[in-house]
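Bear in mind that the values here come from a model prediction, so they are computed numbers and not experimental data. In what follows, chains carry the letters A, B, and so on, assigned in the order in which the sequence lines appear, proteins first and then strands, with residues in each chain numbered from 1.
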Protein chains: 2
Amino acid sequence: MKTAVSKKLDQKAEKLIKENNLSLTESRKNILGYLLKNHGPFSVEEIHNGLGNKACNLATVYRSIAQFENSNLVERRYLGDGILRYEYKDMKHHHHHIICRICKNVAKMKYCFVSEIEQMVRDKGYSDITHSLEFFGVCAKCKAK
Amino acid sequence: MKTAVSKKLDQKAEKLIKENNLSLTESRKNILGYLLKNHGPFSVEEIHNGLGNKACNLATVYRSIAQFENSNLVERRYLGDGILRYEYKDMKHHHHHIICRICKNVAKMKYCFVSEIEQMVRDKGYSDITHSLEFFGVCAKCKAK
DNA sequence: TTATTTATGCAAATAATTTGCAATTTTTAA
DNA sequence: TTAAAAATTGCAAATTATTTGCATAAATAA
């Protein structure tokens, strides 16, 4: 069963892949579609499972993600546990995360005023600046236990 | 040749190890001493090489670093390239990094006003909050090339 | 000092990621 | 539209970073 929203996001995935001059394959459509429909970040394995495992090979997920990263469609996150995760890089909704050190739940933090600091970095002579900011803490639920 | 400063930092390493109730071994003194004397972050392999390789086994560096992390003496950094790095956690000099995407040079950024945001995280019910903030850009040198 | 606990070296085991290569799919261009 | 060229995929094997088991050695406690 494909909802209208799901279909729309599949189309968006297709559009993004073409716009970035990547060849349009089933796997890539599925992988990027998955990231558009689900709010990550996800490990490569989670994406692979999420797609149903037989959708494509794990190596293909790695390769596709690498392409998407190069094309700036996806961004890598490191949450401190030794596993890399990826999520769709939505330019219009820049955000950060709050990760519970115990249950690993990832909450979104929409507010960001790091851009003010980026100006300082720019003043030091750097260009093409990005940043990664993650918060770690113990969430209320875990604290109560 | 051991300078006075170097000797002082070795003593500091020793003190820190004892204070944290870790047994005081040659390896641990060397590893923490290295992190006190050199401004990281460093990968486990870099530390191992830095100490001269025969100083101790690579596995020992991994194990010692894990201990130091638990004792909050050392903090883990992820600079986006798939390798974990570690540096001495100097409570008195909290700072962030600016990493050149090309030459990988790591510059220190002493200024930090993320603590203001931490209050927001606290307000959401999280406790024991820490954060990780890294900037990535192309440094002036690399840009000129 | 001797007993007990803890750490180390070494080699083997894991786990995540990458790669080579033949087969397949996608794109290009006639 | 179709044939040729280019790029991607699956699979298995290779890498790489990290962890672990276990016997030996060193550090701490009594």
Side-chain angles (χ1 to χ4, degrees), chain A residues 10 13-34 40-71 73-86 104, chain B residues 10 13-34 40-71 73-86 104:
Chain A
D10 280 331
E14 228 177 285
K15 185 165 155 264
L16 288 169
I17 292 169
K18 284 188 201 155
E19 279 175 1
N20 285 276
N21 297 313
L22 300 175
S23 28
L24 187 66
T25 70
E26 240 3 82
S27 306
R28 286 180 187 166
K29 273 190 277 184
N30 290 334
I31 295 164
L32 190 55
Y34 183 86
F42 300 110
S43 69
V44 166
E45 194 134 8
E46 282 166 344
I47 297 167
H48 189 230
N49 287 334
L51 292 176
N53 285 36
K54 42 246 156 192
C56 70
N57 192 273
L58 188 61
T60 297
V61 183
Y62 275 104
R63 286 189 275 224
S64 299
I65 289 289
Q67 295 273 7
F68 295 152
E69 253 193 303
N70 278 333
S71 299
L73 284 170
V74 151
E75 62 189 323
R76 176 186 287 214
R77 302 278 189 179
Y78 183 68
L79 307 187
D81 65 351
I83 296 171
L84 291 171
R85 290 182 173 74
Y86 301 88
K104 304 295 173 188
Chain B
D10 280 330
E14 227 177 286
K15 185 165 156 261
L16 289 168
I17 293 168
K18 284 188 201 156
E19 278 174 2
N20 284 277
N21 297 314
L22 301 174
S23 32
L24 186 67
T25 70
E26 243 357 85
S27 307
R28 286 180 187 167
K29 273 189 275 183
N30 289 333
I31 294 164
L32 189 56
Y34 183 86
F42 301 110
S43 68
V44 167
E45 194 135 9
E46 283 165 343
I47 298 167
H48 189 229
N49 287 335
L51 292 178
N53 286 36
K54 42 247 157 189
C56 70
N57 192 273
L58 188 61
T60 297
V61 183
Y62 275 105
R63 286 189 273 223
S64 299
I65 288 290
Q67 295 274 6
F68 295 151
E69 252 193 304
N70 277 334
S71 299
L73 285 170
V74 151
E75 62 189 322
R76 176 186 286 212
R77 303 276 188 179
Y78 183 67
L79 307 187
D81 65 352
I83 295 171
L84 291 172
R85 290 181 173 74
Y86 301 88
K104 305 295 173 187

Rounded off to whole Å, could you give me the [atom1]-to-[atom2] distance for the [X] and [N] pair?
| X | N | atom1 | atom2 | result |
| --- | --- | --- | --- | --- |
| Lys29(A) | dT8(D) | NZ | C1' | 14 Å |
| Leu84(A) | dT18(D) | CG | P | 11 Å |
| Asn21(A) | dT26(C) | CG | C1' | 14 Å |
| Leu58(B) | dA17(D) | CG | P | 10 Å |
| His48(B) | dT18(D) | NE2 | P | 13 Å |
| Ile83(A) | dA16(C) | CD1 | P | 6 Å |
| Ile17(A) | dT26(C) | CD1 | P | 12 Å |
| Asn30(A) | dT26(C) | CG | C1' | 16 Å |

Side chain of [X] only, heavy atoms from C-beta on: which candidate in [options] is closest?
| X | options | value |
| --- | --- | --- |
| Thr60(A) | dA7(C), dT9(D), dT27(C) | dT9(D) |
| Ala59(B) | dG10(D), dC10(C), dA7(C) | dC10(C) |
| Ser64(A) | dT17(C), dA17(D), dT9(D) | dT9(D) |

N/O donor-acceptor pair under 3.5 Å between [X] side chain and [Y] backbone:
| X | Y | result |
| --- | --- | --- |
| Arg28(B) | Ser64(B) | no |
| Asn20(B) | Leu22(B) | no |
| His48(B) | Ala59(B) | no |

For [N], take OP1 and OP2 only and decide whether either is under 4.0 Å from a side-chain N or O of [X].
| X | N | answer |
| --- | --- | --- |
| Tyr62(B) | dT18(D) | yes |
| Arg28(B) | dA7(C) | yes |
| Thr25(B) | dA26(D) | no |
| Asn57(B) | dC10(C) | yes |

Mapping Leu22(B) and Lys54(A) to their closest nucleotides on DNA chain D, which lands nearer the 5' end?
-> Lys54(A)
Report the residue (Arg63(A) or Val44(A)) whose heavy-atom-nearest nucleotide on DNA chain C is the more 5′ of the two.
->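 Looking at the nearest nucleotide for each, Val44(A) comes out on the 5' side.
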Closer to the 5' end of DNA chain C via nearest nucleotide, is it Ser23(A) or Glu45(A)?
->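 It is Glu45(A), whose closest nucleotide lies nearer the 5' terminus.
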I would like to know whether Arg85(A) and Phe42(A) meet side-chain contact (heavy atoms from CB on, under 4.5 Å); could you show each step before the answer?
-> CA-CA 5 Å; Arg85(A) 290 182 173 74; Phe42(A) 300 110; 5.7 Å; no
Determine whether more than 12 heavy atoms belonging to other residues, nucleotides or ligands lie under 6.0 Å from atom CD of Glu45(A).
->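 Atom CD in Glu45(A) is not crowded, with 12 or fewer foreign heavy atoms closer than 6.0 Å.
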Would you indicate what Ser43(B) reaches in the nucleic acid, counting non-hydrogen atoms under 4.0 angstrom: base, sugar-phosphate, or nothing?
->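 Contact class for Ser43(B): none.
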